[in-house]
4 protein chains.
Amino acid sequence: MDLRIDPTDAVPIYAQVVDQIKALIASRALRPGDPMPSVRELAVNLRINRNTASKAYQTLEAEGILASRQGQGTVVAEGGAPWSHEERVRRLERSLDRSIVEAYHLEIPFDEMPPILEERLKRFTPDDNRDKKEDPA
Amino acid sequence: MDLRIDPTDAVPIYAQVVDQIKALIASRALRPGDPMPSVRELAVNLRINRNTASKAYQTLEAEGILASRQGQGTVVAEGGAPWSHEERVRRLERSLDRSIVEAYHLEIPFDEMPPILEERLKRFTPDDNRDKKEDPA
Amino acid sequence: MDLRIDPTDAVPIYAQVVDQIKALIASRALRPGDPMPSVRELAVNLRINRNTASKAYQTLEAEGILASRQGQGTVVAEGGAPWSHEERVRRLERSLDRSIVEAYHLEIPFDEMPPILEERLKRFTPDDNRDKKEDPA
Amino acid sequence: MDLRIDPTDAVPIYAQVVDQIKALIASRALRPGDPMPSVRELAVNLRINRNTASKAYQTLEAEGILASRQGQGTVVAEGGAPWSHEERVRRLERSLDRSIVEAYHLEIPFDEMPPILEERLKRFTPDDNRDKKEDPA
DNA sequence: GTGGTCTAGACCACG
DNA sequence: GTGGTCTAGACCACG
């Protein structure tokens, strides 16, 4: 669990933890069923308050991304987004729209965006031929 | 100026105003030099406090997106992001990475992202040759 | 934190606070990592409104000079001006040009400026080897 | 009168005019006794409001930098700062202190300031051997 | 009429 | 306890 917390960042610490765990899962560094460190361990490792670590896990559980089982600790959940396909595409579109607005104000021409996206996507699938579970979609 | 404010949203009101104005500019609904409604007008229209409207404008001015002058009103600024090209690309990459993480958790296969991006980009460049007002300058 | 506010000054109160905190940092009376008084404390001490104190801190944070975190207070940030070297020198030149124009109208001969500058610089580097608190980190 | 007004600058227009006229005088582009354009002319040339031009002249007169004589128009005044030598040095020191604070936050080492000052001073005395009135100090 | 500042007072999120 | 947001209402500088 290689998380980097920046306490001076305007983003709350618990949200930084949430974002980074979601990113680790998206890049397959963490996979469904993988055990997560306990709240206590995580707090010690990251040198954050135990309540902060707990809030991060609670948030991820509420989103269906982690699952905790009585006396068994917390694990990465098995997919299963609760929304319709239509709703899920709409959410992704909203996210991409934010990137497009950002690109405009950063004065990066729109036609440079697709190649940059392709390049970033490769970083989330570092090695196409290694053993991995197939995409749950 | 068709802005929609949701006071119950977790995103602060002033930030909602900021985001939507940035989106209007990115879609060319607002162009450099265009006059913005006055702080008072905006506040009345959106039914928010004058200080909240002012904070939105001041935030956009700090980002170099609007330009305000005492006694003269506020206009859309003429481009000019203050960062290096390297820094600007880094910021866009961070934004796209967020979309990629989101896509993963929404269980939308990565190879569906580029076509969705292309489709959204079209909406931000509705038709380069459509009739548009000439620059009033 | 020995700040002196003059409410009758043409310079806004929040800007007076900003200028004086920047001066304290430049003279090493405040160093990176040092905790700042809370917004509430500062407001009480200076007998200004909490919002005014908050605006001063937010301005300094936007300039990368302070770092604030909800629930954790505000500290002096670790350097890192966001501009290119060229831009930074240009800003200093503009500032010195203002002093030169001022000197002329104060009828102080130009060749008296360098020694005055040297003398003032000494006041900002009181004594590099004096006893100082070690870094608490 | 080559003044450049930036209407989007946060500095009020009248103050921009004041600052630039003071700079022209300090660089000897304008000398004591030189006639200034009328308020009306200035307003037309700079495309600013006549009241704005008037306020600039009034400010400069109040500082003893311009002098207007009944029916004779406005001229550059003959020196004569109203303060004691001590007070004038104190004001220059305050101005240089501002530059030092700025240099610190721009991360320009203090020992680079004197050479930069020397270089800027040369720009205000473009040609040491041309005919000129001696320094009034 | 325009934007900027300031106060007083309330409520919220974070840790 | 900390900083952030929002409202209501007042006053000021600029043009």
Side-chain angles (χ1 to χ4, degrees), chain A residues 5 7-17 43 47-56 59, chain B residues 5 7-17 35-43 46-59 61 66-75, chain C residues 5 7-17 35-43 46-59 61 66-75, chain D residues 5 7-17 43 47-56 59:
Chain A
I5 299 306
T8 70
D9 196 316
V11 178
I13 293 173
Y14 89 93
Q16 293 182 42
V17 174
R47 284 162 222 193
I48 63 180
N49 191 292
R50 225 188 305 155
N51 296 324
T52 306
S54 176
K55 174 153 192 184
T59 302
Chain B
I5 299 307
T8 70
D9 195 310
V11 178
I13 294 173
Y14 86 92
Q16 293 181 44
V17 175
M36 299 291 294
S38 77
V39 167
R40 283 163 177 80
E41 267 182 272
L42 187 69
L46 303 183
R47 281 160 227 194
I48 61 179
N49 188 276
R50 206 154 66 71
N51 292 325
T52 305
S54 179
K55 180 164 188 177
Y57 275 13
Q58 282 179 36
T59 301
E61 195 171 3
L66 296 184
S68 295
R69 277 165 55 209
Q70 279 206 355
Q72 289 292 99
T74 300
V75 300
Chain C
I5 299 307
T8 70
D9 195 310
V11 178
I13 293 173
Y14 85 92
Q16 294 180 43
V17 175
M36 298 292 294
S38 77
V39 167
R40 283 162 177 81
E41 268 182 89
L42 187 69
L46 302 183
R47 282 158 226 199
I48 61 179
N49 190 278
R50 207 154 67 72
N51 292 325
T52 304
S54 180
K55 180 163 188 178
Y57 276 13
Q58 282 179 35
T59 301
E61 195 170 4
L66 295 184
S68 295
R69 277 165 57 208
Q70 279 204 357
Q72 288 294 97
T74 301
V75 299
Chain D
I5 299 306
T8 71
D9 195 317
V11 177
I13 295 173
Y14 89 93
Q16 292 182 43
V17 174
R47 284 164 222 190
I48 63 180
N49 192 291
R50 225 188 304 155
N51 296 324
T52 306
S54 175
K55 175 152 193 183
T59 302

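Below, read A as the first sequence line, B as the second, and so on, with proteins coming before strands; counting in each chain starts at 1.
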Just compare [options] and give me whichever is closest to any side-chain atom of [X].
{"X": "C:R50", "options": "E:dG15, F:dT2, F:dG3", "value": "F:dG3"}
{"X": "B:T74", "options": "E:dC6, E:dG3, F:dG4", "value": "E:dG3"}
{"X": "C:Y57", "options": "E:dG15, E:dG4, F:dG3", "value": "F:dG3"}
{"X": "C:Q58", "options": "F:dT5, F:dC14, E:dT5", "value": "F:dT5"}
{"X": "D:T52", "options": "F:dG15, E:dT2, E:dG15", "value": "F:dG15"}
{"X": "A:I13", "options": "E:dT2, F:dG3, E:dG15", "value": "E:dG15"}

For the pair made of [atom1] in [X] and [atom2] in [N], what is the distance, rounded to whole Å?
{"X": "B:E61", "N": "E:dG3", "atom1": "CD", "atom2": "C1'", "result": "9 Å"}
{"X": "C:N49", "N": "E:dA10", "atom1": "CG", "atom2": "P", "result": "13 Å"}
{"X": "C:L46", "N": "E:dC6", "atom1": "CG", "atom2": "C1'", "result": "14 Å"}
{"X": "B:Q72", "N": "F:dA13", "atom1": "CD", "atom2": "P", "result": "17 Å"}
{"X": "C:D9", "N": "E:dT5", "atom1": "CG", "atom2": "C1'", "result": "14 Å"}

By nearest-nucleotide position on DNA chain E, the 5'-leaning member of A:Y14 and C:A53 is C:A53
Of B:M36 and C:Q70, the one whose nearest nucleotide on DNA chain E sits closer to the 5' end is B:M36
What I'd like to find out is whether the side chain of [X] reaches to under 4.5 Å of the side chain of [Y], using heavy atoms alone.
{"X": "C:L46", "Y": "C:T52", "value": "no"}
{"X": "C:S38", "Y": "C:Y57", "value": "no"}
{"X": "B:V75", "Y": "B:L66", "value": "no"}
{"X": "D:T59", "Y": "D:K55", "value": "yes"}
{"X": "A:V17", "Y": "A:I48", "value": "yes"}

Between B:V11 and C:S68, whichever has its closest DNA chain F nucleotide further toward 5' is C:S68
Map C:P37 and B:R47 onto DNA chain F by nearest heavy atom, then report which one ends up closer to the 5' terminus.
C:P37
Looking at D:K55, I'd like to know whether one of its side-chain N or O atoms comes within less than 4.0 Å of OP1 or OP2 on F:dC14.
yes
Have a look at B:Q16 and say if it touches a base, only the backbone sugar-phosphate, or nothing, with a 4.0 Å heavy-atom cut-off.
nothing
Have a look at D:I48 and say if it touches a base, only the backbone sugar-phosphate, or nothing, with a 4.0 Å heavy-atom cut-off.
nothing
Side-chain donor or acceptor of C:R40 under 3.5 Å from a matching atom on the base of F:dG1?
no
Establish whether the base of E:dG3 is bridged to the side chain of B:N51 by a donor-acceptor pair shorter than 3.5 Å.
no
Side chain of C:S54, backbone of C:R50: donor and acceptor closer than 3.5 Å?
no
F:dC12 -> Watson-Crick or G-U wobble partner, both distances under 3.5 Å, gives E:dG3
